[in-house]
Amino acid sequence: MSSPLEVADPDIDTGFEVDSDTPWIVLVWNDPINLMSYVTFVFQKLFGYSREKATELMLDVHEKGRAVVSNGTREKAEIDVARLHEHGLWATMQKDDS
Amino acid sequence: MSGEFESLRLFAVGGPDSIDVSLPEGWDELLRSLSEQLREALLVGEVDDLRRLYPTAYPDDPDHNAGFADRVHDQLLMQRLDSIDQLQASLDSTTIGIATADAWMSTINEMRLVLGDRLDVSEADETLDDDDPSAPAHLIYGLLTLVLGELTEIRTAFL
């Protein structure tokens, strides 16, 4: 059984104007409710990550408390955060100072 | 006895884009009732009860966070209500499509988030006393966890 990986297409319009300055990062934070398997699934579904990459990110969330799951413009980051919230994950965004 | 319990096999791959459903008797009515309670909470519930469904996006910037919330809240609400409708419309089905399965997952996880937050669940396994008044709610939370876990495993096969 196989099918193309679903790659994220924004389906939530945040109505935000493009901000092409400092890139932004999206973080997902650990919480005691979301299942590890579900978090892994969401990362694969929304971002098109492989099972291995999604699992790696999930374990970072679980063991380190948080993980950076995507980056980009403010608009893209808001879309990604909104989609993660839609799936019940605790996600925030901030400027990438690295 | 030690070790993991075997799956209840609530779900199975049905075809190229479908999932077979086999819920124990009464579970469909329980999910229907719980999803209706979720609908009511979404429409008229207290903000604190729904904080896990509408997290902060900008933790250090209240102004931008307020703007973000204004922009996405109604869309998230409509999507959640639509998912509840899809779940309720398909609870009697023995086969569901992938989009409907996603609606099941969203709704069931949202029920877990609201209930789990209310129960203040932690990652540590906790043993409740038999007369703990929250025991029934914990039982429901556990059931929802079981359903979501098994559905997630099967749904992942379609990625």
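All heavy atoms count here, side chains included; hydrogens, waters and symmetry mates do not. So that the names make sense, note that chain A is the first sequence line, chain B the second, and so on, each numbered from 1.
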- Query: Honestly curious: do A/Val68 and A/Met36 fall in one hydrophobic cluster under the side-chain, below-4.5 Å linking rule?
  - Reply: no

- Item | Side chain / backbone / both / neither for B/Thr56 at chain A, heavy atoms under 4.5 Å | backbone

- Side-chain contact test, heavy atoms from C-beta onward, threshold under 4.5 Å: evaluate it for B/Leu113 versus A/Asn34 and give yes or no. yes

- Message: Applying side-chain contact (heavy atoms from CB on, under 4.5 Å) to A/Val81 and B/Tyr58, what does each step give before you reach the verdict?
- Response: CA-CA 10 Å; A/Val81 168; B/Tyr58 291 90; over 6 Å; no

- Message: Test of understanding: clusters of I, L, V, M, F, W, Y form through side-chain heavy atoms closer than 4.5 Å, transitively. Do A/Leu27 and A/Phe43 belong to the same one?
- Response: no

- Enter the distance from A/Ser37:OG to B/Arg155:CZ here, rounded to the nearest 0.5 Å. 13.0 Å

- Task: Calculate, to the nearest 0.5 Å, the distance between atoms NE2 and CD belonging to A/His85 and B/Gln79 respectively.
- Result: 13.5 Å

- Do other residues, nucleotides or ligands put more than 12 heavy atoms under 6.0 Å from B/Glu46 CD? no

- Task: Determine, step by step, whether A/Glu86 and B/Gln75 satisfy the side-chain contact (heavy atoms from CB on, under 4.5 Å) criterion, reporting the C-alpha distance in whole Å, the side-chain angles of both residues, the deciding distance to 0.1 Å, and the verdict.
- Result: CA-CA 9 Å; A/Glu86 177 191 350; B/Gln75 282 183 271; over 6 Å; no

- Message: Any donor-acceptor pair under 3.5 Å linking the side-chain atoms of A/Tyr38 with those of B/Glu153?
- Response: no

- Message: Heavy-atom cut-off 4.5 Å, strictly under: side chain, backbone, both or neither for B/Ser83 against chain A?
- Response: neither

- Report whether A/Trp90 and B/Val121 are members of the same hydrophobic cluster (ILVMFWY, side-chain heavy atoms less than 4.5 Å apart, transitive linking). no

- Query: In terms of hydrophobic clusters joined by side-chain contacts under 4.5 Å, are B/Val47 and B/Leu53 together?
  - Reply: no

- Query: How close do A/Thr92 and B/Pro59 get, heavy atom to heavy atom, and via which atoms?
  - Reply: CB-CD, 3.8 Å

- Can you tell me how far the CG atom of B/Asn109 sits from the CZ atom of A/Phe41, to the nearest 0.5 Å? 10.5 Å

- Item | Gap between atom NE2 of A/His87 and atom CG of B/Asp102 - 0.5 Å precision | 6.5 Å

- Query: Would B/Val72 and A/Glu78 count as a side-chain contact (heavy atoms from CB on, under 4.5 Å) if you check the C-alpha gap in whole Å, the side-chain angles of each, and the deciding distance to 0.1 Å?
  - Reply: CA-CA 10 Å; B/Val72 308; A/Glu78 283 208 354; 5.9 Å; no

- Message: Nearest 0.5 Å, please: how far is CD1 in A/Ile33 from CG in B/Leu115?
- Response: 8.5 Å

- Query: Between A/Asn30 and chain B, which part of the residue has a heavy atom less than 4.5 Å away: side chain, backbone, both or neither?
  - Reply: side chain

- Query: Going by heavy atoms in the side chains, are B/Leu159 and A/Arg51 under 4.5 Å from each other?
  - Reply: no

- Item | Derivation of the side-chain contact (heavy atoms from CB on, under 4.5 Å) call for B/Thr156 and A/Gln44 | CA-CA 9 Å; B/Thr156 298; A/Gln44 288 180 263; 4.0 Å; yes

- Residue part contacting chain B, namely of A/Leu84, when any heavy atom lies under 4.5 Å: neither

- Query: Do B/Ile19 and B/Val13 belong to the same hydrophobic cluster, where Ile, Leu, Val, Met, Phe, Trp and Tyr are linked whenever their side-chain heavy atoms lie under 4.5 Å apart, directly or via other members?
  - Reply: yes

- Drop me the distance from A/Lys45's NZ to B/Thr152's OG1, to the nearest 0.5 angstrom. 10.5 Å

